[in-house]
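Data first, discussion second: the structure below is written as structure tokens.
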Amino acid sequence: QVQLVESGGGSVRTGGSLNLTCTAAKYYGAGCMGWFRQVPGREREGVAVLFTHGGNPSYADSVKGRFTVSHEYAKNTLYLQMNSLKPDDSGTYYCAADFRFGCRALVTSPAWMDDQIDWGQGTQVTVSS
């Protein structure tokens, strides 16, 4: 099981920025990591995912051009820089990891919802108008 610790959530006004951090407890090798968010009463949705050892990240349409996902190999850390935040971006943000061979670095892949995915504890983001 991959241990993930998130930080960086908070409350901002519309147009503000936040940077989320997710650190894995150790090096797990090459794999897929990403950010997902959830609001009460709705399903968890993908925000941004990437393959830790290269390739283009995958973003939800709603965040393209505003959010940037990146990975720092030396620190086993995943980041999500969120700019131009909107109230609809509010929710609990979860870091996810899939270090299985052949993982899909695609934000819409249904594989992210199976029980083999490892999740962080979540960090709250609130954007007020």
Side-chain angles (χ1 to χ4, degrees):
Q1 184 175 6
V2 179
Q3 294 179 315
L4 304 167
V5 178
E6 301 127 329
S7 62
S11 297
V12 297
R13 293 286 187 96
T14 296
S17 297
L18 287 172
N19 188 30
L20 305 184
T21 299
C22 170
T23 300
K26 64 179 183 179
Y27 176 69
Y28 292 96
C32 299
M33 296 185 73
W35 292 96
F36 293 74
R37 65 188 180 194
Q38 190 169 22
V39 297
R42 297 180 62 180
E43 293 185 353
R44 191 171 297 185
E45 63 173 353
V47 175
V49 303
L50 55 66
F51 183 67
T52 59
H53 284 56
N56 294 321
S58 172
Y59 294 96
D61 288 343
S62 60
V63 307
K64 285 180 181 177
R66 300 187 298 122
F67 290 12
T68 302
V69 64
S70 60
H71 180 261
E72 189 169 357
Y73 175 85
K75 294 185 177 181
N76 301 323
T77 298
L78 183 75
Y79 304 95
L80 183 67
Q81 177 64 43
M82 305 186 293
N83 298 327
S84 302
L85 283 161
K86 306 174 182 180
D88 283 349
D89 295 319
S90 298
T92 302
Y93 281 68
Y94 296 91
C95 177
D98 182 358
F99 287 95
R100 293 173 292 181
F101 177 79
C103 66
R104 295 291 308 279
L106 183 65
V107 71
T108 56
S109 172
W112 286 104
M113 297 302 147
D114 71 33
D115 59 7
Q116 298 299 307
I117 301 299
D118 294 291
W119 297 94
Q121 79 285 359
T123 186
Q124 182 66 35
V125 170
T126 303
V127 184
S128 59
S129 57

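Hydrogens, waters and symmetry mates play no part in the numbers below; they use all other heavy atoms, side chains included. Nothing fancy with the numbering, it's 1 onward along the sequence. The shown structure was predicted, so the numbers you read here are calculated from the model rather than taken from an experiment.
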Taking the side chain as C-beta and beyond, is there a heavy-atom pair between Val39 and Ser90 under 4.5 Å? no
Tell me if a side-chain donor or acceptor on Thr52 pairs with a main-chain N or O of Cys32 at a distance below 3.5 Å. no
Residue pair Gln116 / Arg100: nearest heavy atoms and the distance that separates them: CB-NH1, 3.2 Å
Measure the spacing between OG of Ser70 and CG of Leu80 and express it to the nearest 0.5 Å. 8.5 Å
Salt-bridge present (Asp89, Lys86; N to O < 4.0 Å): no
Please check if the number of heavy atoms outside Arg104 that lie under 6.0 Å from its CZ is greater than 12. no
Is it the case that more than 12 heavy atoms not belonging to Asn56 sit under 6.0 Å from its CG atom? no
Taking C-beta and beyond as the side chain, do Leu20 and Val125 meet within less than 4.5 Å on heavy atoms? yes
Within one Ile-Leu-Val-Met-Phe-Trp-Tyr cluster: Phe51 and Met33, side-chain cutoff 4.5 Å: no
Nearest heavy atoms of Arg66 and Leu85, plus distance in Å: NH1-CA, 3.9 Å
For the residue pair Thr77 / Thr23, report whether a side-chain donor-acceptor contact shorter than 3.5 Å exists. yes
Working to the nearest 0.5 Å, report the span between CG of Asn76 and NE2 of His71. 6.0 Å
Using the ring pair (Phe, Tyr, Trp, His ring centres under 6.0 Å) rule, take Tyr73 and His53 through it: C-alpha gap first, then chi angles, then the decisive distance, then the call. CA-CA 8 Å; Tyr73 175 85; His53 284 56; 5.2 Å; yes
Just by modelled atom types, is the Gln81 backbone N or O under 3.5 Å from a matching donor or acceptor in the Thr68 side chain? no
Testing the basics here: between Phe67 and Tyr59, what is the closest heavy-atom pair and its distance to 0.1 Å? O-CE2, 3.3 Å
Look at the side chain of Trp112 and the backbone N and O of Leu106, then say whether any donor-acceptor pair between them is shorter than 3.5 Å. yes
Just wondering, do Val49 and Val69 contact through their side chains at under 4.5 Å, heavy atoms? no
Could you tell me which non-hydrogen atom of Tyr28 sits nearest to which non-hydrogen atom of Gln1, and how far apart they are? OH-O, 3.8 Å
Counting C-beta onward and ignoring hydrogens, is there a side-chain heavy-atom pair between Ser62 and Asp88 closer than 4.5 Å? no
Same cluster for Tyr79 and Leu50 if Ile/Leu/Val/Met/Phe/Trp/Tyr side chains link at under 4.5 Å? no
Using a cut-off of 6.0 Å, state whether more than 12 heavy atoms not belonging to Gln124 lie near its atom CD. yes
Over all heavy atoms of both residues, which pair between Ser58 and Val107 is shortest? Give the atoms and the distance, please. OG-N, 2.9 Å
Cluster check Val47, Trp119: I/L/V/M/F/W/Y, side chain < 4.5 angstrom: no
Heavy atoms of Tyr94 and Gly120 approach each other most closely as CD2-O, 3.6 Å
How many angstroms lie between CD in Glu45 and CD in Gln38, if you round to the nearest 0.5 Å? 9.5 Å
Is it the case that one hydrophobic cluster holds both Val12 and Val63, taking links as side-chain heavy atoms less than 4.5 Å apart, direct or via other members? yes
Under 3.5 Å donor-acceptor, Gln121 side chain and Glu6 backbone: yes
